[in-house]
Amino acid sequence: MAVRYRDELQAQFVVVARRDGWVAHPGWKGDAAPEGSRLQVAVDGALAGTSAGRIVEHDGGFYLTVSVPARFAEEVLGSLTLGYRLTNELAQQLARLAQCEAVLVFEERVLATSLGDRATTLDTKALVALARAAPADVLAQLQPIAGRDYVAGSYPIGTPTLGGEAGRLVLLSDWQPTQRFIDSLHRRFAMTGLVVLGVSLVVGALSSRRVSRPLRDIAAAATEISAGNLEMRLPERGPAESAAVARAFNEMSASLRAAQHRLIHDATHDPLTHLPNRALFMERLELAMVRRARYPHHTFAVLFVDLDRFKHVNDSLGHRAGDTMLLLFAHRLAAVVRRDDAVMRVSPCESLDLRAESLLARFGGDEFVVLLDDLRDPIDAVRVAERIQRLSTQPIRVEREDVFAMPSIGVAVCTAAHRFAEDILRDADLAMYTAKQRGGNCFAVADVEMHANAVHRLRLETELRKAIERREFRVRYQPIVSLSNREVVGFEALVRWQHPDRGLLSPVDFLAVADEVGLAPQIDEWVLREACGQGREWMAATPKMSLATLSVNLSSNSFAQPTLVSRIAEILAATGFPSDRLRIEITEGTAIKDPGRAWAVLTELRALGVRVSIDDFGTGYSSLSYLQMFPVDVLKIDRSFVARLGPDANQGEVVHLIISLAKTLGLDVVAEGTETEEQVQYLTQLGCGYGQGYFFAAPLEAAEIARGPYLAAPAKIDAPGEDRGLSAPSTPDDAPQSSAA
């Protein structure tokens, strides 16, 4: 784009800059200007909103530069600097235009001259002194330079708005005295000389002003352009040279106007889809909020559209294919949302007033937003969402592959609760994530409860982080019992949160948030260390515990940690708990998420002596091939199957199938959620080896385990009524999801 500016404006170089540095600089040799240079000062001034025309030195030459700020509304987005080289050819063109000799002076140097061979005898100091001593207005005087007399005029080039002199144009017109005047000087030198000198000065000044008028117009036009007035036009009149220069200035002004419009468009539109970008969308959304404040019956809605599994397209086909998919989807989105639903392409020159206009924009990445303004009925927003959702039925051809764009859509209709533009955009975003949690490729409408849940989750995340620092978690232990003799053979460690305000919380209240924000691995490691330490104390207190196992759950995030095995080994070594007494429980989904890595980790755990249980078996998507491949020891039947067992239940066949499968593979079976004697009897008849649930005991504190019958000789264990009341059977505390389960 910068190269196009340079070519269109016929400049030697162009510098496009923004606040964090130069963006592009075709024609300029070097990546940046020296510190404190005039060009850098001019660019910085333009970024601050000040236009300037200056002469700068670079690469052995001098350039006339014009720096203008690029604005959007009242904000300066960047700057555009044009450079034109100052050469003798330029001085010769000025000389032909002014019909006298032209010299360009900058500080202590003569940059260009039209004197040709006579330039070798040029009195540089005299010209510099003439230029520096001249006032801002045109000055005409008789001046001896290089042994000749000239009528000299000095004119400013550009504007020294940023400090220092911008430069001067000196015009020299030969003064040739007549013979008559010479004779008169000889006869009456004292009086006539003074008169002739005065007349000559007056004539020279008048001639100079007449010749310099076109140049003054050009200088004034350059000043106006450098000040940001790109509407300035010069009258194309006078001699051919003057008209040509005026025409060139007018063309340059038109090019700068076009460049300014392109800069504004580029700053407010997405370069890939050419849709309005986030900045323009937020500005239009603010206008919709202002319109609603003025007219309370005005209704509008925001649709937040995000493509499901878009990352898989980038990972499989490449980012170029992903860009193609986004572009094609944007075209379909613009087509499916009718114009009367308010999809509009906004001209960058259009003034932003309070008209009811709606907008389709690319918000970033694979996210699009639609502003539906001036709705007749809020249900219209839902109809638009349904039409967008139907796009998923039509494949998009990308890189010779058919891919499906499946959008998750959040719909938020403006209400009195939305005080700012960010409020309704936030609710649309929340609704979109709710649609993703429902499986994606659907839409959800924002409501008050959705926002309240988001605030609750944010507060819960903050409290969880503080809970880890304050060590507010507690471990409870639920016995695992042999169904054949009702003897306790092990315990499962379950985490609880001793909340400072809400009391003891079940994992159901916090584990999902902890896993989502990445805190589950820290909680799991703490539970593992605490449980192993407690198990070691029990082993020292009674020999019976040396035969009992200790089960600890791991979340999928914990299982994915690359240092999992080494951390478990370190905890076992630090606590002194035997590795062959430890059981690590993972879910089916965790195991098959990455089968290759799961097999490697489970093999390392087996080598360490640790045994592995598959938790919640029957609820996931396990395949028999994986189950045969993985080195596991125990299957735990999910409580949802056990809860349906009984005289009127028909789920016995499923449980029987799981038990038979486990026996075939040589695995032990533990039935979770045993609540009644009938369930225990039925499980025993089916050949299930072990049970765990409220029929035997609720999750207990370590002290209760130590002083109860659980570490004594084998005995039938009844479930105390007050323990059963710790959690309703429909949502028991010991639901294994991670270490908290």
Side-chain angles (χ1 to χ4, degrees), residues 451-478 491-538 540-541 550-564 566-577 582 584-587 590 615 697-707 722-723 725-728 731-741:
H451 179 223
N453 291 338
V455 173
H456 171 71
R457 289 176 68 86
L458 179 62
R459 185 179 297 114
L460 186 61
E461 177 186 347
T462 302
E463 292 175 345
L464 273 172
R465 296 185 186 277
K466 294 181 180 179
I468 294 176
E469 298 175 0
R470 298 170 182 172
R471 299 180 180 274
E472 295 176 354
F473 294 102
R474 305 290 183 266
V475 180
R476 299 292 184 264
Y477 302 89
Q478 188 172 38
F491 297 89
E492 181 177 355
L494 308 167
V495 73
R496 300 292 184 268
W497 180 9
Q498 189 64 52
H499 195 282
D501 299 322
R502 300 164 58 189
L504 193 67
L505 298 183
S506 165
V508 177
D509 298 324
F510 63 88
L511 258 193
V513 176
D515 201 29
E516 181 180 335
V517 300
L519 297 178
Q522 300 180 54
I523 298 175
D524 287 352
E525 182 175 341
W526 180 86
V527 172
L528 180 62
R529 188 179 297 273
E530 189 76 10
C532 288
Q534 184 60 61
R536 181 59 184 169
E537 291 182 14
W538 285 338
L550 187 61
S551 299
V552 179
N553 290 271
L554 291 182
S555 67
S556 58
N557 284 342
S558 297
F559 191 75
Q561 299 298 311
T563 59
L564 172 66
S566 62
R567 296 298 294 167
I568 293 177
E570 185 270 328
I571 291 173
L572 290 173
T575 60
F577 189 76
L582 179 62
I584 295 297
E585 296 189 4
I586 61 174
T587 63
T590 299
D615 204 2
L700 304 169
E701 296 184 14
E704 295 179 277
I705 299 290
R707 63 174 178 262
E722 60 179 272
D723 288 339
L726 290 175
S727 177
T731 55
D733 290 325
D734 50 343
Q737 296 297 331
S738 81
S739 63

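We count residues from 1, following the sequence as given.
- In this structure the side chain of F577 reaches within 4.5 angstrom of the side chain of L572, judged on heavy atoms.
- Annotation: side chain of E530 is not in contact with side chain of F473 (no heavy-atom distance under 4.5 Å).
- Atom CZ of R502 is surrounded by more than 12 heavy atoms from other residues, nucleotides or ligands within 6.0 Å.
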Next item on the list: Take F491 and L700 through the side-chain contact (heavy atoms from CB on, under 4.5 Å) test and state the conclusion after the steps.
Entry: CA-CA 10 Å; F491 297 89; L700 304 169; over 6 Å; no
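- How far CD of Q534 is from CD1 of I705: 9.0 Å, rounded to the nearest 0.5 Å.
- For T575, there are no side chain to side chain donor-acceptor pair (under 3.5 Å) partners two or more places apart in sequence or in a different chain.
- Between P699 and R476, the shortest heavy-atom contact is CB-CB, 3.7 Å.
- Atom OG of residue S551 and atom CD of residue Q478 lie 11.0 Å apart, to the nearest 0.5 angstrom.
- Atom NE2 of residue H499 and atom CG of residue L460 lie 7.0 Å apart, to the nearest 0.5 angstrom.
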The test is salt bridge (Lys or Arg N to Asp or Glu O under 4.0 Å); show your working for E463 and R470 and say whether it passes.
CA-CA 10 Å; E463 292 175 345; R470 298 170 182 172; over 6 Å; no
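- Side chain to side chain, T563 and S566 fail the donor-acceptor criterion of an N or O pair below 3.5 Å.
- In this structure, A531 and Y477 approach most closely via the heavy-atom pair CA-OH, 3.6 Å.
- Put simply, the side chain of I584 does not reach to within 4.5 Å of the side chain of F559, judged on heavy atoms.
- No side-chain heavy atom of D524 sits under 4.5 Å from any side-chain heavy atom of R567.
- The shortest non-hydrogen separation linking S506 to R496 is CA-CD, 4.2 Å.
- At a threshold of 4.5 Å between non-hydrogen side-chain atoms, the residues Q522 and R465 do not count as touching.
- The line from CG of N553 to CG of D615 is 5.0 Å long, rounded to the nearest 0.5 Å.
- Shown here for C532 and L550, the closest heavy-atom pair between the two residues is N-CD2, 4.0 Å.
- When side chains are defined from C-beta on, E525 does not count as touching Q561, because their heavy atoms never get closer than 4.5 Å.
- Considering CG of N557 and OG1 of T590, their distance stands at 9.0 Å, rounded to 0.5 Å.
- For the pair S556 and T587, the minimum side-chain heavy-atom distance is 4.5 Å or more.
- Between L582 and I568, the closest side-chain pair of non-hydrogen atoms falls below 4.5 Å.
- The heavy-atom pair separating S558 from P521 by the smallest distance is OG-CA, 3.1 Å.
- Note on ring orientation: taking the six-membered ring where Trp is involved, the planes of W497 and F510 are perpendicular (angle over 60°, cut-offs 30° and 60°).
- With rounding to the nearest 0.5 angstrom, the CG atom of L464 is 6.0 Å from the CG atom of L519.
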